[in-house]
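Numbers here are sequence positions counted from 1. As the structure is a prediction and not an experimental result, all values here were calculated from the model.
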Amino acid sequence: MRQWRFAFFYMLFGTFFLAGIPVNLYAQKDSVKVGLVLSGGGAKGMAHLGVLKVLEEEHIRPCCLSGTSIGAIVGAYYAAGYSSDQILEIFRRTDFDELMLDHLPRRFLPLYLKQAGRNEFFYFPLDMHHMTLRLPDGLSHSQLFYNQLFEDLYAIQYVRHFDSLPLRVRFVATDLVRGRQVVFRGGSIPRAVVASSAIPSIVSPLQIDGKLLSDGGIVNNYPLEPLRKMGANVVIGSDVQGTLLKASEIQSIADILDQIMSIHMYADMPLKRMKTDIYLRPPVTNFNVTDFSQIDTLYRLGYEEADRHRSFFRRYASYEKQALHSPPPHPDSLYFRDIRIEGISDPREKELILWRTGFETGRKIGFRDFINGINYLYGTDDYDQIHYWIIPGDTLVMSLVNDTVRYKFKTAVHYSPLYHLELLAGVTGKRIITGHDILDVELILGPSFRYNLNYLIDNGYHMGFGLHSSWHHWQRNVAFGLMFPEVENPSFKQMDLHTYTWTNRLFFQGIASTNVNFHIGFEHRKNIMNTGIFSGEKPGLKYYFDRTDNYGAFISFFYDDLNDYYFPEYGIRLTADYHHFFASNNTYDKPNPFHTASFHITASRLHNRHLSSSYSFTAHLVTRDSISPSSYTYVGGIAAFEHSGVLQSFYSRPFMDLRTPSYIYIKPQLQYRFRKNHFFRAGLQFLMYEYFEIPHEKRFSRYEWAYNFYGQYGFRSYFGPIFATFAWEPVTKKWNMGLELGFGF
């Protein structure tokens, strides 16, 4: 009996011993394979970095990793050799708002899109056959994000099989057509990560290998299964997903849709949690998935959650005490023996792509120039996707997906003291006649009707062809002496002045680069100026100051690499044009040929993160001996968008306060960005203008000058810029203030 009791206690003691201590012994064996799963959760995934930090402190380096969405992003950087601290620093200096909305820097846009911020309107795909609008499939194509991943992960940007990495990885995306998950096991890592993190409604679905892919969280937001298939027998999971809403929290359609999606997303989480050996759930539920401003707070919450489990982590601390290494930086230059372009069959289009990017075989290209070339190509808006990778043998592979939306409806709202409140409705079409043409029609509805029509065949470095037509009209109450300077004591102090300009141009376009081109062609310009002040008892009767049709030829030169049209901080914008009007139908005096020449340059320089300066210089010359009213430039008014050749802003005076045929205008300015999208400006406007008011007076015999000081607050809003301006003119004691809202058109 005593021997039986001894055996019983021996077995009981051995059971407890094996249940506790052998874990450490087992962890020291090579058979232990730790896998790490990182869930999706948007900005809340910053908590994953806090978890990784604790794992590093405990000398745990997983042998494999599986991630979805933000988990795939963090996992890719970790697989490339970045430490948690390095990833955190990269994310701190990343503008996630710009990446999510795919805001391409303005310098990479073609010139026809740079004019007045034409790319910033609200666009909706348009079905011309049924004349119906639909919502876009996303606000972004994640091109800028792809570029950043390619740069940061260059050392592993292409891997034939992800199992060849020191940290084997799997990334999960969703096949929207088949409704099932796609697990990336090799190929382009930036491509896999972008597909896995393509947030529905924000990022357009990606076309990859015949599949339409979106965020992996739709079908598997906690991809535990790939780890088991890779042989992991100990799984650590970091879960930053949300939770199902309570009944009191469901108050809108958006809440209902979110709940419907979440029901499927979280349905199998109880089972997955049971299969996770160490399950970490940082308390980040109440944070927004797009709130990347809370990076440090989310990191801390992840660290604190993992810190609570250190005793469990230490059981595996002796497994592969592998020191993290910093990934090698990308090279200063690249060299390609071969360039393959997938998705494009037209040889001429391939030739145009290589010209726009500047890529050549057998020649080195700077790494930054390479990324810029991709941006220039994306800026044409011809392609939804530009994915690229470098395979062994110095072969560049570019996989392009054409923009399939041929027509887009655009709209915007604008208010200014000149035009008052206006609504723009327009259509932009591509590939109307040729494979590289653009048609843009804008109708502007407000107190007065206006339109802009542009058609351009863009042949790249080959000669292009274009048409332009526009009708502008505005009405102002002006001083009687503006139009009748010779009348000394008028009975009228004010008069209504209606101005109409109808411009039609046919031109050829030559392009030296994306930022440099020139136009040469023919122009018809009709100018009408009238007033109803003399109508008396006959309403509708108009007195015409001018009804002129001018016909001529012109040449224009453009250079523009400003980083922003409304709030430039660096870059140069230069325009120069010359017009020779050789025929006219002039009601003001006898027809005679004349010339006009204009030159404008704006140069901006960034001094530090917040302060920039700019200098603008404009010169305008008319060589006509007898000046008709429509040949003058009318000075005055507060406007960020100026109607070149007719109006010149001068903040301290109302619109059309004075007129001059020739002038020089200088504007130095300081701009301070005191918060994101908030700007304050202070500057000086100086104007030297030709005083020519008496008919048949000798030209260029008399000049006047004026200057003012101004302050301006600007805000870059989603609906367009907002400017509030105050200006004061010391000599005349004149002052003016005004407000302008929305994109200019």
> Determine, for D560 against R107, whether the closest basic-nitrogen to carboxylate-oxygen distance falls under 4.0 angstrom.
no
> Answer with yes or no whether the side chains of N504 and S469 bring together a donor and an acceptor at under 3.5 Å.
yes
> Which residue in the set W735, Y710, Y665 passes ring-ring contact (aromatic ring centres under 6.0 Å, His included) when paired with Y651?
Y710
> Quick one: are the ring centres of Y419 and H414 less than 6.0 Å apart?
no
> Before accepting this row, confirm whether a basic side-chain N of the pair K430/D440 lies closer than 4.0 Å to the acidic partner's carboxylate O.
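A salt bridge is absent here (no side-chain N lies under 4.0 Å from a carboxylate O).
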> Looking only at heavy atoms, what is the nearest atom pair of I432 and L439, with distance?
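So the minimum-distance heavy-atom pair works out to CG1-CB, 4.1 Å.
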> Which heavy atom of E729 sits nearest a heavy atom of N708, and at what distance?
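Reported closest heavy-atom pair: CA-CB, 4.1 Å.
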> Quick one: does any side-chain atom of D546 pair with a main-chain N or O of S630 as donor and acceptor, under 3.5 Å?
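A pair under 3.5 Å: yes.
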> Classify the angle between the aromatic ring planes of F709 and Y707 as parallel (below 30°), tilted (30 to 60°) or perpendicular (above 60°).
perpendicular
> Does the ring centre of H595 sit less than 6.0 Å away from the ring centre of H579?
no
> Between I520 and Q509, is the side-chain contact (heavy atoms from CB on, under 4.5 Å) condition met? List the steps.
CA-CA 7 Å; I520 182 170; Q509 174 178 273; over 6 Å; no
> Do F108 and Y376 have ring centres separated by under 6.0 Å?
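Yes, close enough.
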> Step by step, work out the side-chain contact (heavy atoms from CB on, under 4.5 Å) result for W705 and F686.
CA-CA 7 Å; W705 58 275; F686 175 82; 4.0 Å; yes
> Please name the pair of heavy atoms, one in F679 and one in E569, separated by the smallest distance, quoted to 0.1 Å.
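Looking at all heavy atoms of both residues, the shortest contact is CE2-OE2, 4.1 Å.
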> Salt-bridge test for K676 and D97: reply yes if a basic N is under 4.0 Å from a carboxylate O, no otherwise.
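Answer for the salt bridge query: yes.
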> Would you please classify the geometry between the Y543 ring and the F545 ring as parallel, tilted or perpendicular, with 30° and 60° separating the classes?
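Geometry flag for Y543 against F545: perpendicular rings.
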> Counting only N and O atoms by type, is there a donor-acceptor contact under 3.5 Å from the side chain of D437 to the main-chain atoms of L456?
no
> Assign the ring pair W471 / W502 to parallel, tilted or perpendicular, where the plane angle (0 to 90°) is split at 30° and 60°.
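Because their plane-to-plane angle is over 60°, the rings of W471 and W502 count as perpendicular.
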> Where the side chain of T660 meets the backbone of S662, is there a donor-acceptor pair that is under 3.5 Å apart?
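The answer is yes, because a donor-acceptor pair under 3.5 Å joins these two groups.
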> Roughly how far apart are I555 CD1 and D577 CG, rounded to 0.5 Å?
10.0 Å
